[in-house]
Amino acid sequence: MAILLCTKTNAMADWRDALLAEDASLDIRLFPDAGDPAEIEAAVCWNQHDMGELRRYPNLKLIVSMGAGVDHLLRAPGPPPGIPVARLKDARLTSAMMEWVVLNVLRFHRQDPEYRAQQAARIWNELPAPDTAKRRVGILGLGQLGTAAAHALTALGFPVMGWTRSPRKLTNVQSLHGTDGLDAMLRQTDILVCLLPLTPETRGVINARSLALLPRGAFVINAARGGHVVAQDLLAALDADHIAGAALDVFEPEPLPADHPFWGHPKVLVWPHAASITIPSSAAPQVVENIRRARDGRPLINLVDFAAGY
Ligand code: GLV
């Protein structure tokens, strides 16, 4: 039985080598060279792949996302009915995301955009000292990534709130949930960080209404999915000086089109979906573990809950 890898051509070899380093006996096929479709038992995929295609493999037992997000696997037509989907919960993905969030929270908190603008104009001018204890950070989503970011930011002394779909308790983090909780958090948030899964419920969560609830001068950081942000609404809030800056790693569509206003916007920091990149050698052990479990009919790990959408 064989494993099918479906990702960017330049990432295939790293994934193959990482999986083989875990288990040299694996038979790995690189899409589109799947060989006999009946031999494919697991597909390890990223967002280049058409899920309709996976219906060609009659003995498929498992689909694995090459990242933390699975929105690309769940969107229509979705995975073949009855086939479980697993995602990655990976220490390196988590710590890289924590670093990126801290980087951008600190960048805004420590007035880096203003100091860079002053440098460009050769202006030697001290701005008022920021107060960490008064800079309230609101995190949308307290999954593995949101939780790690929340803990790192509380350790730095920021007051941190977190918003989740259903109630969630986290030490030193004020937890809010539901629609009322979302509005309450937004009203008190100076730096908003989005680390939500993209589902029909969370699509467009950062829109004109939610941006208007943020205090004037707030910042927006999005490392989740481009679909969480209504781009026109964010641009309008930036241009109205209601939002002071945005750090964006994700867009819809990706790559961000060359003529998109985000590229040249003086208040927007654009990243090419690079906040946290999956390292195949770090992720391979859990992928191979799941393949073994699927073969043996044992319970799988890091399974996606189709009803929740993540
Ligand atoms: C990256 O976007 C991921 O989902 O891991």
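Because the structure is a prediction, the values reported are computed rather than measured. All ligand and atom numbering here is 1-based and tracks the order in the structure.
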Original post:
Is the backbone N or O of Ser282 less than 3.5 Å from a side-chain atom of Arg92, with the two atoms forming a donor-acceptor pair by type?
Top reply: no
Original post:
Are Lys267 and Asp241 close enough for a salt bridge, meaning some N to O gap below 4.0 Å?
Top reply: yes
Ligand 1: which protein N/O atoms lie under 3.5 Å from its N/O atoms?
unit_1: ligand 1; atom_1: 2 (O); unit_2: Arg225; atom_2: NH1; d: 2.8
unit_1: ligand 1; atom_1: 2 (O); unit_2: Arg225; atom_2: NH2; d: 3.4
unit_1: ligand 1; atom_1: 2 (O); unit_2: His273; atom_2: NE2; d: 2.6
unit_1: ligand 1; atom_1: 4 (O); unit_2: Ala68; atom_2: N; d: 3.3
unit_1: ligand 1; atom_1: 4 (O); unit_2: Gly69; atom_2: N; d: 2.7
unit_1: ligand 1; atom_1: 4 (O); unit_2: Arg225; atom_2: NH2; d: 2.8
unit_1: ligand 1; atom_1: 5 (O); unit_2: Ala68; atom_2: N; d: 2.7

**OP:** Without swapping roles, check the side chain of Arg107 against the backbone of Asp112 for a donor-acceptor pair under 3.5 Å.
**Re:** no
Original post:
So, do Asn59 and Glu41 sit near enough that their side-chain heavy atoms are less than 4.5 Å apart?
Top reply: no
**OP:** Only one of Leu73, Val64, Leu74 passes side chain to side chain contact (heavy atoms under 4.5 Å, CB included) with Val304; say which it is.
**Re:** Leu74
Subject >> Distance-only donor-acceptor check, side chains His151 and Asn172, under 3.5 Å >> reply: no
